[in-house]
Participant: 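What follows is a single structure, and I will ask about it in a moment.
Chain letters run A, B, ... following the sequence lines, proteins first, then strands; residues in each count from 1. Here the structure is a predicted model, which is why all the values come from computation and not from measurement. These values consider heavy atoms only, across backbone and side chains, with no hydrogens, waters or symmetry-generated copies.
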Amino acid sequence: MAALGAWGRAARRGRLWGAARALWGWRRPQPQRALGQDAGTAGEKKDGKPSFTDEAVQDLLYRMTGLDLQKVFRPVKQELKPPKYKLLTEKQLQEATKKAIKEAKEKLTMPPVLDEREPIDDVLAEDKILEGVETTKYIFTDLTYSIPHRERFIVVREPNGVLRKATWEERDRMIQIFFPKEGRRVIPPAVFKDEHLVTVFQQDRHEDILNMCIAQFEPDSADYIRVHHRTYDDIEKHAKYDLLRSTRHFGGMVWYLVNRKKTDGLLIDMIHKDLLDDATSLITLYHMLHPECQSAKEAEERKLQGVDLIKVFAKTESQKEGYIQLALQAYEEAMATSTAS
Amino acid sequence: MVQLGSRLLKGYRGGHVVIRLALGGCTNRPFYRIVAAHSRRARDGKYLEQLGCLDPLPNARGEKVAGLNLERLRHWLGCGAQLSRPAEKLLGLAGFLPLHPMTVTGAERLRRRQRAQEAAVPTPVVGGSQEHGETA
């Protein structure tokens, strides 16, 4: 019975518990800093790079996402119910719109962007005596209800007698078998394979596949990251940014593009649609993530705003300088004619 | 209906709590539930609590899936429940208990038998030795 307590003890302290918590980026609570002290270091992590979850970054990404109520609340495939009509005064209509905006904000919470998880290869026991006795492996799952899934014990006894921890794919499968989550399949559907993603993109169903991906995979799994990156690449290649605008995936896409410096198409698209604020937010985010680039330094020195910021960025950092200049010219002409008339 | 009620409400004199495998499923498709029950109860009868399950047939990925509610298992073992031999062997394989001595003995016997067969057939024919391996 001595071995009985082993798992219990190991779960409460030691590397399993710490490693599990570290997986989700949980750190020890930092000592409270004075209010003003963080102003200079806002958006900076230990190694100097801002992360996805920083407030400033999230704020910029959220502003760029846009808030098209028509698109957020467009009919989702549900049971058909006859529409309800209400008679409202102006004031009631305003309140209803405010409530709708609040709900839309909740719907637009961005899904997490995490690094890919490290593969598990931990051997708990090696019993050479058992080699060749069994022909198949056993997977044992701990069904204790109160422990979080990340800390659950799932072990595999191989036919060669080795008792090892289960890999991430095995873990996900077992957890889905015993604790099924809605919208998730035990075996991921074939649509997430690369050759089938192409068909999905041809049908312009990027948002649907991303929603399915969020339901099916864990945010730090290799498949989740791969599907998201393929989707973003395809959107960037064909400039279909509108598909994701005003959805919760827009922030993640912008983060991906800015990290890889592929922002030109998006910038041009924003200028064409007269979203100058979004364009300036994009460039501000770019400067936050790449503070060593030339346009960031110039913007810092000269405290540029608005159109000047875009012009400096176009000259120094972008590949499609000509297109950006053209778009800016068109925008300025449109502004001139509209103010003139 | 009255017979059903009296079966379920039956109390026993003596006996103890055991943790054992209750068989379920259909013809040619067994499925075991790991269950804490009185020792005098029918194998598949009324139990105190289900502590897990075991699917003895391998799935499409070649794995035999077993679930064990370790917290409740510890509770019943703390209450003084005993384990049946297959349950002990299963928990030994899982790593919750140390390996059962009969598992080790079984492995040694199997190896001894295989060595004896290989010795009996000095030039082993692939088909012949495989057949012997399956029947043994």
Side-chain angles (χ1 to χ4, degrees), chain A residues 1-12 122-147 151-167 169-180 186-188, chain B residues 32-34 49-78 80-83 87-115 130 133-134 136:
Chain A
M1 294 294 178
L4 267 182
W7 271 12
R9 267 183 277 121
R12 277 175 221 2
D122 205 2
V123 170
L124 298 170
E126 290 193 29
D127 297 306
K128 296 273 166 38
I129 329 149
L130 293 179
E131 199 157 333
V133 177
E134 299 281 345
T135 46
T136 51
K137 46 185 167 165
Y138 281 87
I139 291 195
F140 298 99
T141 316
D142 182 9
L143 301 180
T144 315
Y145 195 67
S146 53
I147 45 174
E151 292 162 31
R152 207 170 277 283
F153 278 106
I154 302 183
V155 293
V156 177
R157 175 74 78 170
E158 299 273 0
N160 61 1
V162 152
L163 184 69
R164 61 168 174 87
K165 285 197 188 162
T167 60
E169 287 76 30
E170 287 166 349
R171 283 189 68 90
D172 287 337
R173 255 190 308 126
M174 289 300 122
I175 289 170
Q176 181 57 17
I177 289 175
F178 288 110
F179 303 97
V186 176
I187 299 175
Chain B
Y32 295 100
R33 282 162 295 149
I34 300 159
E49 189 178 347
Q50 182 178 351
L51 305 171
C53 55
L54 164 68
D55 182 5
L57 301 186
N59 67 8
R61 306 276 174 121
E63 309 150 343
K64 291 187 189 169
V65 174
L68 304 161
N69 192 338
L70 294 176
E71 198 229 315
R72 294 305 298 171
L73 195 65
R74 265 180 266 142
H75 169 263
W76 283 110
L77 289 169
Q82 301 193 358
L83 290 161
E88 275 180 346
K89 287 185 172 174
L90 190 70
L91 292 177
L93 280 185
F96 188 67
L97 296 176
L99 259 198
H100 199 265
M102 284 310 291
T103 321
V104 176
T105 318
E108 285 171 358
R109 286 176 184 167
L110 186 71
R111 213 153 290 150
R112 213 176 300 145
R113 215 172 299 140
Q114 280 173 350
R115 246 177 275 135
Q130 261 185 357
E134 270 167 28

Participant: Looking at every heavy atom in both I129(A) and R111(B), which two are closest together, and how far apart are they?
Facilitator: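 Distance-wise, the nearest heavy atoms are O-NH2, 2.6 Å.
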
Participant: Taking all heavy atoms of L70(B) and all of D142(A), pick out the closest pair and write down the distance.
Facilitator: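 Heavy-atom minimum between the residues: N-OD1, 3.3 Å.
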
Participant: For E170(A), is it the side chain, the backbone, both, or neither that has a heavy atom closer than 4.5 Å to a heavy atom of chain B?
Facilitator: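 The side chain, not the backbone.
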
Participant: Rounded to the nearest 0.5 Å, what's the gap from CZ on F140(A) to CG on L91(B)? Could you check?
Facilitator: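 Between atom CZ of F140(A) and atom CG of L91(B) there are 8.0 Å.
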
Participant: Closest heavy-atom contact between L93(B) and Y138(A)?
Facilitator: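 Between these two residues, the closest heavy atoms are CD1-CE1, 3.9 Å.
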
Participant: Identify which part of L73(B) has an atom lying under 4.5 Å from any heavy atom of chain A, answering side chain, backbone, both or neither.
Facilitator: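 For L73(B), no heavy atom lies under 4.5 Å from chain A.
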
Participant: Is a donor on one side and an acceptor on the other found under 3.5 Å between the side chain of R157(A) and the backbone of G92(B)?
Facilitator: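 Pair found, side chain donor or acceptor close to backbone of G92(B).
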
Participant: Would a 4.5 Å heavy-atom cut-off, applied to side chains only, mark D127(A) and T103(B) as touching?
Facilitator: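 They are not in contact (no side-chain heavy atoms under 4.5 Å apart), so the answer is no.
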
Participant: What part of F178(A) gets within 4.5 angstrom of chain B, counting heavy atoms only: side chain, backbone, both, or neither?
Facilitator: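 The answer is the side chain of F178(A).
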
Participant: To the nearest 0.5 Å, how far apart are CG in D55(B) and CD1 in I177(A)?
Facilitator: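 Nearest 0.5 Å value for the CG-CD1 distance: 9.5 Å.
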
Participant: Using a cut-off of under 4.5 Å for heavy-atom pairs, which of G106(B), A66(B), A107(B) has the most such pairs with chain A?
Facilitator: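 It is A66(B).
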
Participant: Considering the options E169(A), K137(A), R173(A), which one meets the side-chain contact (heavy atoms from CB on, under 4.5 Å) requirement together with R61(B)?
Facilitator: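 Of the listed options, the one satisfying the test is R173(A).
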
Participant: Where on L90(B) is there a heavy atom nearer than 4.5 Å to chain A: the side chain, the backbone, both, or neither?
Facilitator: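 It is both, since atoms from each part get that close.
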
Participant: Measure the spacing between CG of L110(B) and CD of E134(A) and express it to the nearest 0.5 Å.
Facilitator: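 One finds 10.0 Å between CG of L110(B) and CD of E134(A).
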
Participant: Working to the nearest 0.5 angstrom, can you tell me the gap between I34(B) CD1 and L143(A) CG?
Facilitator: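 Between I34(B) CD1 and L143(A) CG, I get 8.5 Å after rounding to 0.5 Å.
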
Participant: How many angstroms lie between OG1 in T144(A) and CZ in R72(B), if you round to the nearest 0.5 Å?
Facilitator: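 Atom-to-atom, T144(A):OG1 and R72(B):CZ are 10.5 Å apart.
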
Participant: Taking all non-hydrogen atoms of both residues, which atom of G62(B) and which atom of T136(A) are closest, and how far apart?
Facilitator: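 For G62(B) and T136(A), the tightest heavy-atom pair comes out as O-CB, 3.6 Å.
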
